Amino acid sequence: MDRTLHATLYVVGNINVDLIMSTLHHWPAPGTEAMLEHSELRPGGSAGNCALALDAMQVPHRAVANQGSDGFASWLAGYFPNSAGHWPRYPCETSLTVAVTHPDDERSFISNQGHIVRLSADDVLQQLPPQAKPGDIVLLCGTFLCTRLLEAYPALLATLQQRGFRVAVDTGWPPQDWSDVLRQQLSGWLAHCDWLLLNEVETLGFAGLATLEECARSLATRLSGKGACVVKCGSAGAKLWQPDGHLQAAARAVTVIDTIGAGDSFNAGFLSALLGGETAQTALRWGVEVAAYAISSSPRQYPNWRTLQQRIKEC
Ligand SMILES: Nc1ncnc2c1ncn2[C@@H]1O[C@H](COP(=O)(O)OP(=O)(O)OP(=O)(O)O)[C@@H](O)[C@H]1O
Ligand SMILES: [Mg+2]
């Protein structure tokens with residue numbers, strides 16, 4: 001990769017507090033308490049995880065977000081020193097998610113709404129340059145959680161394209177589940193999107209067709225034509241569909257410790273490669289390497305630039 005390039009990756013969306021509590025054997029009955037052995041407090045959210053990975057990799061980036069005004073707001077901002085000075089402050093609680101781990105490693109999540117539902121298109125556009133530099137990419141993530149921003153997606157994505165950005169979107173799973181009404185709403189911006197980054201069940205839900213291949217191919221044909229539909233397939237790695245072709249990369253075999261943010265780490269690796277002018281095939285490889293590194297670390301760590309390059313060379 002040509003490290004003299006000065007393109008920037010702008011990560012737009014949900015940055016929140018994650019509190020992971022483990023291990024819960026039985027939910028406490030109402031009015032009672034359960035004391036668990038471990039907890040881990042860390043910054044999270046799709047945009048937050050991706051920006052932290054980019055920071056570790058020393059990839060030029062900015063986290064484009066907003067913030068609340070309680071005690072957690074400055075704690076969270078402290079993890080994003082180069083970006084948080086630009087975040088508008090809303091008089092509300094910080095968005096936070098409590099993840100409770102069960103003995104079978106399944107997790108239950110409890111979240112408030114907080115600041116992320118207030119992020120507006122103006123907040124985003126004011127934090128982006130009026131004109132993209134060659135190669136700049138904007139990633140929009142946490143689509144269904146940033147509810148106010150979602151309403152503005154068709155106009156926002158059109159504006160991003162006009163400003164010259166390459167545009168990537170990772171929607172995540174809609175809490176209200178997929179429906180024809182939702183699919184109709186999303187089709188309003190697909191043509192302004194270059195790279196769609198989904199996992200398998202999201203791809204099936206988004207396109208609503210019978211097989212993964214049909215779904216991914218159908219989505220790929222509705223995008224701008226400059227990118228692809230990328231499908232993250234867990235331990236099976238990642239695949240990518242363009243209207244006229246298909247690529248894939250196997251996952252690296254690792255001991256998995258914590259898969260939270262696997263997809264966000266993949267996005268960081270994949271888009272860093274594109275930022276540096278690498279091919280889509282190489283980008284898939286970078287995505288699976290960064291994800292594998294993240295999910296096999298404890299406490300959570302991301303590779304630095306040298307480590308990533310060494311790992312890519314090894315495979
Ligand atoms: N068990 C695993 N072993 C190796 N790599 C994995 C494993 N699980 C996930 N990965 C890597 O992480 C990437 C993203 O994971 P996944 O497909 O679960 O995405 P996701 O569902 O979007 O994740 P998230 O839960 O963060 O939203 C995969 O494409 C793969 O490269
Ligand atoms: Mg995901």
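Source: prediction; values computed, not measured. Counting starts at 1 for both ligands and their atoms, in listed order.
- Atom 20 (P) of ligand 1 has its closest protein heavy atom at Asn199 ND2, 3.7 Å.
- The nearest heavy-atom contact from the protein to atom 31 (O) of ligand 1 is Val288 CG1, 3.3 Å.
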Using distance only, find each side-chain donor-acceptor pair of residues 149-170 under 3.5 Å and give its atom names and separation, not counting sequence neighbours.
{"residue": "Tyr153", "atom": "OH", "partner": "Thr143", "partner atom": "OG1", "Å": "2.9"}
{"residue": "Thr159", "atom": "OG1", "partner": "Ala155", "partner atom": "O", "Å": "2.8"}
{"residue": "Gln161", "atom": "OE1", "partner": "His192", "partner atom": "ND1", "Å": "2.9"}
{"residue": "Arg163", "atom": "NH1", "partner": "Leu125", "partner atom": "O", "Å": "3.3"}
{"residue": "Arg163", "atom": "NH1", "partner": "Leu128", "partner atom": "O", "Å": "3.4"}
{"residue": "Arg163", "atom": "NH1", "partner": "Pro129", "partner atom": "O", "Å": "3.2"}
{"residue": "Arg166", "atom": "NH2", "partner": "Gly135", "partner atom": "O", "Å": "2.9"}
{"residue": "Arg166", "atom": "NH2", "partner": "Leu274", "partner atom": "O", "Å": "3.2"}
{"residue": "Asp170", "atom": "OD1", "partner": "Gly172", "partner atom": "N", "Å": "3.2"}
{"residue": "Asp170", "atom": "OD2", "partner": "Lys232", "partner atom": "NZ", "Å": "2.8"}
{"residue": "Asp170", "atom": "OD2", "partner": "Asn267", "partner atom": "ND2", "Å": "2.8"}

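- A salt bridge is defined here as a Lys NZ or Arg NE, NH1 or NH2 lying under 4.0 Å from an Asp or Glu carboxylate O, and Glu200 with Lys239 fails to meet this definition.
- If you look at Glu200 next to ligand 1, there are no close heavy atoms at all, none under 4.0 Å.
- The protein heavy atom nearest to atom 7 (C) of ligand 1 is Ile295 CD1, 3.5 Å.
- For the pair Cys233 and ligand 1, a heavy-atom separation below 4.0 Å is found.
- Nearest protein neighbour of atom 28 (C) of ligand 1, counting heavy atoms only, is Gly234 O, 3.5 Å.
- Using a 4.0 angstrom heavy-atom cutoff, Glu202 does not count as in contact with ligand 1.
- In terms of protein heavy-atom proximity, atom 12 (O) of ligand 1 is closest to Ala291 CB, 3.2 Å.
- Protein heavy atom closest to atom 1 (N) of ligand 1, with residue, atom name and distance, is Val256 CG2, 3.4 Å.
- Aromatic ring centres of Trp178 and Phe144: separated by under 6.0 Å.
- To the nearest 0.5 Å, the span separating CG on Leu24 from OG1 on Thr101 amounts to 9.0 Å.
- Between the CH2 atom of Trp195 and the CZ atom of Phe270 there is a distance of 4.5 Å, given to the nearest 0.5 Å.
- Cys233 contributes atom SG, which lies 8.5 Å from atom CD of Gln248 (distance to the nearest 0.5 angstrom).
- Atom 23 (O) of ligand 1 has its closest protein heavy atom at Gly263 N, 3.1 Å.
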